[in-house]
Each structure stands twice: as structure tokens, then as C-alpha cells.
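Some notes on the structure that comes next.
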Amino acid sequence: MEFPGLFNYWIAVVLMMTGFYIVIAQGNLIKKVVGLNIFQVSVFVFYISMSKIKGGTAPILDEGIEIYTNPLPHVLILTAIVVGVATTALALALVVRIRDAYGTIEEDEIGKLEQEEET
Amino acid sequence: MTVTAFALVRLRNLFAVVMLSGIFSLLAAVLYVVLDAVDVAFTEAAVGAGIATVLMLGTLALTTGVVKEAPRKPLAALLIVSLTGALLIFGTLDMPPYGDPNAPIHHHVAPRYIEKSGSEVGPPNIVTSVLASYRGYDTLGEVTVIFTAAAGILILLGGRRRPGKKRRTAGKTGG
Amino acid sequence: MKSKPVLRVTSKLLIPAIMLFALYVQFHGDFGPGGGFQAGVIFASAFILYALIFDIDTARKVVPAWMMRVGLASGLLLYAGVGVVGLLLGGKYLDYSVLADNPVIGQHLGITLIEFGVGVTVASAMITIFYLFAGQGRQPEDS
């Protein structure tokens, strides 16, 4: 197994963990959404790198080409990207509404406001 | 690309964060071209670097631009994250190496798509024929998801705001 | 943005080109990279550019919000409707081979139609979302 070997998976894992860290450690809701986006992109990279075949070309039929890269993951990820941006927009809309209701987008401050409400 | 992602963790100015995430997805698009996924790269460049950045900026204009507090309990989070990452990397040790034509993923339905789609469906772009014809149900579902997301945003933001519902605004003026 | 002549002139030149490119991507998706999803997004970005450079209200006059809502639903209905037409013509749901005498031509027709449906839905969804986000900022002032 030469150098690239499993390297592509490791990149995906590192990216995913970066996104995961942002989601856990940051209190700001917009940054959490950005973190989720990174997480999502890591999954995309994972799929696309799996579909690559060495020596293959882009999956567009043409004369004299024998090896094509696997088109199936491309289809899945293509739709997933557009759906991803639609759901991201939905998350951002929720953030805007939360700011309307609480006046802040920091998770901790929202928690405090909730507690004050109860007492 | 990974460096950009790490920079995203540290930055607290949300405007810079949004710009960097645009750069991040542009880099992702370049990576997809290298990996032969031209359709995906096209989408990522248009969606990730274009629309998503505009939407994020719109949200920033409506909310606030700066992260206030330091990250909470970063050590615990770091521990969880590195543990999960280590487990995932351990899992990848059994995966087929990069670019291996014998990987299981290339031996299920993909060869049939590549061999037959030219004569069965027609378009030279296999991605299009798989997307629209073989996996038409999937795509119908995806379009429905987009429709539902837009409808949800219409419900969330489209209605009139009730000003009485506003609580303390924490000294910020939004828009 | 009224006082930025450079931006106004260049965007006026660019917007038709962007729309033309979107149409090219839409209908050339069978042969090269492209398709409904990308075309929808590019088309929407032309309108978003227009709304950013000129005013959002001007953009609303060009493309009213209700039209986008109609487009949102009709694109999806077109997609599902093509499936139902295939069903009525004796095929399976979303089987385009029955749309024409020759299965390959039928497939091609079906793909073009549903890609158009996808494009319309995606473009309208993106423009709707942008309108909603951009229109929020001014509402608190009148309440």
C-alpha cells in the first residue's frame, strides 16, 4: 500500500471531527451551523473519494475511454449538496427567529433567560 | 482546506467565519474536480460558495456579528472529538485503499450504469442519466425536501412578526 | 447602492450572461456537467445579484414573491406529473420509455422535463429563501 492508501479517509475524519468540535464547543448558534456544514462537507469528500478509480476519468461517455469513475456517489452527493443548502437555510431561519424571541444567539444566554423565566 | 477548517474553529468574528466558509467550499469544489466529480464540483461551487454565503451574510445582518464568549469546556469537547476521531481512523484500517478498482463499491450496480446507460437512456453524461432516470425516485424525494425546506422558511420568516413577543434585546440593534 | 455606477453597469452586463449560462447548463446537462440543480442555483444567483445591486423592492417588482411560490410548487408537480403520465401510458411510475415510440427518445424527453422541473423548483426555492432573509431587516421599523 503506497502513500495515498487510506489518507483520503483520514482527511475526511479530521474534517468531520473539526466540524463536530465546533458544534460541541461553540455556544454561538451561527457558528454551530457553520460547524454542521463542515461536518457535511466531510461526508461529501468521503463519498467522492470512495468513488474515484485510479486512471479513471469523469463519468461522461466518450469514445476510447475504458475506465470511468463510479458515477453513483456523484449523484447522491450532487443532490445532497443542494438539499444541504436548503436545510442550512432552514436552520438559519430558526436562528433568526430565536434571536427575535430571546435577543441573543448565544446558547448560554438563552439558557439563563429560560431559567429566569421559570423563577 | 483542513487549515481553513481549523481557522474556522478559532475565529470569533462571524463575518470572517462566513467568508472563510465560502473559501472552504470553493476548495472543496477544486478537490471534487481532482477526484473526477465534475458535476458535484459545479454544484458545490455554485451552491456552497455562492448562495450559502449570501444566506449566511443575510442572517448576520439580522443577528449579530461577533461571538461573545470563549468556547465552553474545550477540553472535554476535545477529548470526545479525539476519541471519536481515533475510533473512526481505526475503522478505516479495514477500508479499501484510495483508487482501488476492486473496492466493493465499484462492483454492485455501478458497472451496469456505466455499460448500459448509453444505450438504455442515451445521454453521454452518466451522472445525469442515473440522477434522472435510474434513481428518479431519489431525486423526486430530494426535490420534495427542498420544497419542504422552502415552505418551512416561509412559515418561519414569512408571517408577520409579533412585536409583543420580543423580550430583552440585550442591547443589540439587529437590522 | 444607488451611487455605485461601476457595480450597476457591470451587473447589468453580467446578469443576462448569467441567465444564459443557467439555461445552457439546464439543457446541456445531458452531454456535459450540469443539470437542473446547478441551473436552478445559477438562475437564482442572477436574481440575487440583481436584488443586491439594485433594491430588493425593485427585484420584487420584476419577480413577485407569489410567482416564486407558484414556481416552487409547479416544478415539483411537473416532476411528479411526468411520473403519473408514464403511469397513464401503461409504464411504471417515473418510467420515461413509454413517453415516445422510441424508448431512448422517451427517456430523453422525460429527463429534459424532470430536469426542468427540478430547475424551476430549486431556483424558486432559492429566490424565496433570499427574499425572506433580505426582507426581514426592514419589517421591525414599521411595527
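Every heavy atom of this structure was used, including side-chain atoms; hydrogens, water molecules and symmetry mates were not. Predicted, not measured: the structure shown is a model, and the values here were computed from it.
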## Note on the structure
When rounded to the nearest 0.5 Å, the distance separating OG1 of B/T43 from CZ of A/F44 is 10.0 Å

## Note on the structure
Note: vs chain A, highest number of non-hydrogen pairs under 4.5 angstrom among B/V33, B/D39, B/T84 is B/T84

### Summary
Note: A/Y21 and B/L78 closest approach over all heavy atoms is CE1-CD1, 3.8 Å

### Query
Of the backbone (N, CA, C, O) and the side chain (C-beta and beyond), which part of A/V83 lies under 4.5 Å from a heavy atom of chain B, both, or neither?
both

### Message
Side chains of A/M16 and B/L88, heavy atoms from C-beta outward: is any pair under 4.5 Å?
### Response
yes

### Task
Could you tell me which non-hydrogen atom of B/I153 sits nearest to which non-hydrogen atom of A/A86, and how far apart they are?
CD1-O, 4.2 Å

#### Entry: Which atoms of B/V40 approach chain A - backbone, side chain, both or neither, heavy atom under 4.5 Å
both

### Task
Kindly indicate, with the supporting measurements, whether the criterion side chain to side chain contact (heavy atoms under 4.5 Å, CB included) is fulfilled by B/D138 and A/L76.
CA-CA 9 Å; B/D138 281 13; A/L76 301 179; 4.2 Å; yes

### Query
So do B/V81 and A/M17 actually touch side chain to side chain, heavy atoms under 4.5 Å?
yes

### Query
Measuring heavy-atom distances to chain B, does A/I98 have an atom under 4.5 Å in its side chain, in its backbone, in both, or in neither?
neither

### Query
Do the side chains of A/V45 and B/Y32 get nearer than 4.5 Å, heavy atoms only?
yes

List the atom pairs, donor and acceptor, that lie under 3.5 Å between side-chain atoms in residues 48-55 of chain B and the rest of the protein, sequence neighbours left out.
residue : atom : partner : partner atom : Å
B/T53   : OG1  : B/G48   : O            : 3.4
B/T53   : OG1  : B/A49   : O            : 2.9

### Query
With chain B, which of A/V95, A/V85, A/L29, A/L92 has the greatest number of heavy-atom pairs at distances under 4.5 Å?
A/L92

#### Entry: Verdict with supporting geometry, B/M56 and A/N37, side chain to side chain contact (heavy atoms under 4.5 Å, CB included)
CA-CA 12 Å; B/M56 292 259 183; A/N37 259 335; 3.5 Å; yes

#### Entry: Most chain A-contacting option - heavy-atom pairs closer than 4.5 Å, from B/G85, B/G141, B/G152, B/S25
B/G85

### Message
Are the side chains of B/L156 and A/L90 in contact, using a 4.5 Å heavy-atom criterion?
### Response
yes

### Heavy-atom side-chain contact between A/I77 and B/E44 under 4.5 Å
no

### Query
What residue in B/V145, B/I80, B/I89 has the most heavy-atom pairs under 4.5 Å with chain A?
B/I89

### Message
Among A/L94, A/V13, A/V82, A/T88, which residue has the highest count of heavy-atom pairs closer than 4.5 Å to chain B?
### Response
A/V13

### Task
Answer with side chain, backbone, both or neither: which region of A/T79 has an atom nearer than 4.5 Å to a non-hydrogen atom of chain B?
both

